[in-house]
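Chain naming here is simple, since letters A, B, ... match the order of the sequence lines and numbering starts at 1 in each.
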Amino acid sequence: MPELPEVETVKRTLKEKLPGLTICGVNIYLPKIIQTPSPEEFCHLVVDKRILDVGRRGKYLLISLSRGLMLVVHLRMTGRLVYTATDEPRSKHTHLIFHLNNGHQLRFTDMRQFGRFWLVPAKEFKTVSGLKDLGVEPLSGEFTIDFFKKELKKRRTRLKTLLLDQTFISGLGNIYVDEALHRAGLHPSRQANTLTPGEVEALFQTIREVLEEGIASRGTSVRDYVDGTGQAGTFQEKLRVYGKSGRPCMRCGKTIERLRLGGRSAYFCPGCQK
DNA sequence: AGTCAAACCTGGGCGC
DNA sequence: TGCGCCCAGGTTTGAC
């Protein structure tokens, strides 16, 4: 499910609910989702801790707890983290419930069981796998056109593969990469170091644009995604190529195609993406 | 360095 | 109704 705009929306919605609340109990129904420490230790450590803040880095949610602890969550494909009333019936895919001291709960639900939790000392949160090697935040000031130009020049891989690489830019996923490439008029198989300065600038702009519009639409709910209050997003209504093979391109009218690249689908328009 | 496939899972959609 | 296939917002690992 979630790419940067979805995780950012979950972060914002949970940040309105959780800070100030105390975790007074935990139920773990699927122990393997706890990466570290052991499920027993996880329960022991998390209980009676206060939630201080909710943050995001790439596609990771960072929940700061009292006593210097950090709860790190990755939703992977179908994970949901939702602030829920206690009387709500539990779904068959709810794998973890935090009980909060205001009578509400924070539930983790994940049909495909790929999502993961880590509980670590806040100072050591970079020990979480993948987190320490994350690339730049595309909506932050450290993502600059100069950086982007220099990096693209160094890489010989395909654009689609490169933009999905979380150690290069953090937070992009399959949907927003395809949408950014289409808006920039660039083919997903294009070799990164062959872009003209104008093409690099266009891509730089469209990456930020699709992410910002995605956040403004509260995420893309093509299937399972909901925010921290259980609400779906609307960016699926604005998609131009993702999931649209066989349909006409809204810019040039040619039929949108699907390509297989490194095990992932790439949707693109053969007419206007060069 | 880059490319690919497989693994982790459940479920929806399609053709037959 | 059912079977067999392919597909799915991600990441990791290991082979070439």
Peer 1: Spell out, as yes or no, whether a donor-acceptor pair under 3.5 Å connects the side chain of A:Ser170 to the backbone of A:Gly135.
Peer 2: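 Yes.
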Peer 1: OP1 or OP2 of B:dC8 versus the side-chain N and O atoms of A:Gln113: is any pair under 4.0 Å?
Peer 2: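 Answer no for this pair, as no side-chain N or O of A:Gln113 is under 4.0 Å from OP1 or OP2.
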Peer 1: Please check if the side chain of A:Glu88 supplies one atom and the backbone of A:Ala85 the other of a donor-acceptor pair under 3.5 Å.
Peer 2: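 Pair absent, no side-chain N/O of A:Glu88 close to backbone of A:Ala85.
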Peer 1: Taking the side chain of A:Lys59 as heavy atoms from C-beta outward, which of C:dA8, B:dG11, C:dT11 is closest to it?
Peer 2: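 Nearest to the side chain of A:Lys59 among the choices is C:dT11.
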Peer 1: When you measure from the centre of the six-membered ring of A:Phe125, is the NZ or CZ of A:Arg57 closer than 6.0 Å and no more than 45° off the axis?
Peer 2: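 Output no; distance or angle outside limits.
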Peer 1: Going by centres under 5.5 angstrom and planes under 30 degrees, do the aromatic ring of A:Phe114 and the base ring of B:dC9 stack?
Peer 2: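 One would not call A:Phe114 stacked on the B:dC9 base.
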Peer 1: May I ask which nucleotide in the shown strands pairs with B:dC9, Watson-Crick or G-U wobble, both distances under 3.5 Å?
Peer 2: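 No nucleotide pairs with B:dC9.
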Peer 1: Among C:dT12, C:dA8, C:dT11, find the nucleotide with the atom closest to the side chain of A:Ser265.
Peer 2: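 The answer is C:dA8.
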Peer 1: Return no unless some side-chain N or O of A:Lys92 is found under 4.0 Å from OP1 or OP2 of B:dG11.
Peer 2: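 Affirmative; the distance criterion is met.
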Peer 1: Among the nucleotides B:dG11, C:dG10, C:dT11, which one has an atom lying closest to any side-chain atom of A:Glu3?
Peer 2: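 Nearest to the side chain of A:Glu3 among the choices is C:dG10.
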Peer 1: Checking contacts here: which listed nucleotide (B:dG2, C:dT11, B:dT10) is nearest the side-chain heavy atoms of A:Arg156?
Peer 2: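 Minimum distance to the A:Arg156 side chain belongs to B:dG2.
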Peer 1: Do any side-chain nitrogens or oxygens of A:Arg260 fall under 4.0 Å of OP1 or OP2 in C:dA8?
Peer 2: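 For C:dA8, OP1 or OP2 has a side-chain N or O of A:Arg260 closer than 4.0 Å.
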Peer 1: Is A:Asp178 paired with A:Lys160 through a side-chain N to carboxylate O contact shorter than 4.0 Å?
Peer 2: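 Salt bridge between A:Lys160 and A:Asp178, a charged N being under 4.0 Å from a carboxylate O: yes.
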Peer 1: When you compare B:dT10 with C:dT1, how far apart are their P atoms, in angstrom units rounded to a whole number?
Peer 2: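 Each nucleotide's P atom is 23 Å from the other's.
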Peer 1: Strictly below 4.0 Å: does A:Lys154 bring a side-chain N or O up to OP1 or OP2 of B:dA1?
Peer 2: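 So the side chain of A:Lys154 is outside the cut-off, no N or O lying under 4.0 Å from OP1 or OP2 of B:dA1.
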Peer 1: In this structure, which one of A:Lys154, A:Lys153, A:Lys149 forms a side-chain hydrogen bond (donor to acceptor under 3.5 Å, both in side chains) with A:Glu151?
Peer 2: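 With A:Glu151 as partner, A:Lys154, A:Lys153, A:Lys149 yield a single side-chain hydrogen bond (donor to acceptor under 3.5 Å, both in side chains), made by A:Lys154.
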Peer 1: Nearest to the side chain of A:His93 - B:dT10, C:dA8, C:dG10?
Peer 2: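 Nearest to the side chain of A:His93 among the choices is B:dT10.
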Peer 1: Heavy-atom nearest nucleotide on DNA chain B for A:Arg116 versus A:Gly263: which residue maps closer to 5'?
Peer 2: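 The 5'-side residue here is A:Gly263.
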Peer 1: Roughly, in whole Å, what's the span from CZ in A:Arg158 to P in B:dG2?
Peer 2: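 It works out to 12 Å between those atoms.
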Peer 1: Rounded off to whole Å, could you give me the CD-to-P distance for the A:Gln166 and C:dG10 pair?
Peer 2: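 After rounding, the reported distance stands at 8 Å.
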Peer 1: Please state the P separation for the pair C:dC3 and B:dC8 - nearest whole angstrom.
Peer 2: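 It comes out at 23 Å once rounded to the nearest Å.
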Peer 1: So does A:Thr78 get a side-chain nitrogen or oxygen closer than 4.0 Å to the phosphate oxygens (OP1/OP2) of C:dA8?
Peer 2: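 No, no such contact exists.
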Peer 1: Is the backbone N or O of A:Cys269 less than 3.5 Å from a side-chain atom of A:His182, with the two atoms forming a donor-acceptor pair by type?
Peer 2: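 Absent.
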Peer 1: Whole angstroms only, please: what is the OH-C1' distance between A:Tyr225 and C:dG10?
Peer 2: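 After rounding, the reported distance stands at 16 Å.
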Peer 1: Rounding to an integer number of Å, can you tell me how far A:Asp165 CG sits from B:dA1 C1'?
Peer 2: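 Atom CG in A:Asp165 sits about 11 Å away from atom C1' in B:dA1.
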Peer 1: For A:Ile33 and B:dC9, give me the distance from atom CD1 to atom P, rounded to whole Å.
Peer 2: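 Checked: the CD1 to P distance equals 13 Å.
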Peer 1: Please determine if a side-chain N or O atom of A:Arg223 lies less than 4.0 Å away from the OP1 or OP2 oxygen of B:dG13.
Peer 2: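 So the side chain of A:Arg223 is outside the cut-off, no N or O lying under 4.0 Å from OP1 or OP2 of B:dG13.
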Peer 1: Checking only heavy atoms, does the side chain of A:Arg155 share a donor-acceptor pair with the base of B:dA1 at less than 3.5 Å?
Peer 2: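 Between B:dA1 and A:Arg155, which were checked side chain against base, a qualifying N/O pair under 3.5 Å is absent.
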Peer 1: Could you check whether A:Tyr242 gets within reach of a base, just the sugar-phosphate, or nothing at all, counting any heavy atom under 4.0 Å?
Peer 2: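 Sugar-phosphate, backbone atoms only, no base.
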Peer 1: To the nearest angstrom, how far is A:Trp118 atom CH2 from C:dT12 atom C1'?
Peer 2: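 In whole Å, C:dT12 C1' and A:Trp118 CH2 are 11 Å from each other.
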Peer 1: What interatomic distance, in whole Å, is found between P of B:dC9 and the corresponding atom of C:dT13?
Peer 2: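 It comes out at 15 Å once rounded to the nearest Å.
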Peer 1: Rounding to an integer number of Å, can you tell me how far A:Asp110 CG sits from C:dA8 C1'?
Peer 2: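 Answer to the nearest Å: 13 Å.
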Peer 1: Respond yes when some side-chain nitrogen or oxygen of A:Lys32 is under 4.0 Å from OP1 or OP2 of B:dC9, and no when none is.
Peer 2: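 Yes, because at least one side-chain N or O of A:Lys32 sits under 4.0 Å from OP1 or OP2 of B:dC9.
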Peer 1: Where the side chain of A:Asn101 meets the backbone of A:Thr22, is there a donor-acceptor pair that is under 3.5 Å apart?
Peer 2: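 Side chain of A:Asn101 to backbone of A:Thr22: a pair is present.
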Peer 1: To the nearest Å, how far apart are A:Leu172 CG and C:dT11 P?
Peer 2: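 These atoms are roughly 11 Å apart.
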Peer 1: Can you see if the side chain of A:Tyr267 gets near the phosphate of C:dA8 - specifically, an N or O under 4.0 Å from OP1 or OP2?
Peer 2: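 Yes, A:Tyr267 has a side-chain N/O under 4.0 Å of OP1/OP2 on C:dA8.
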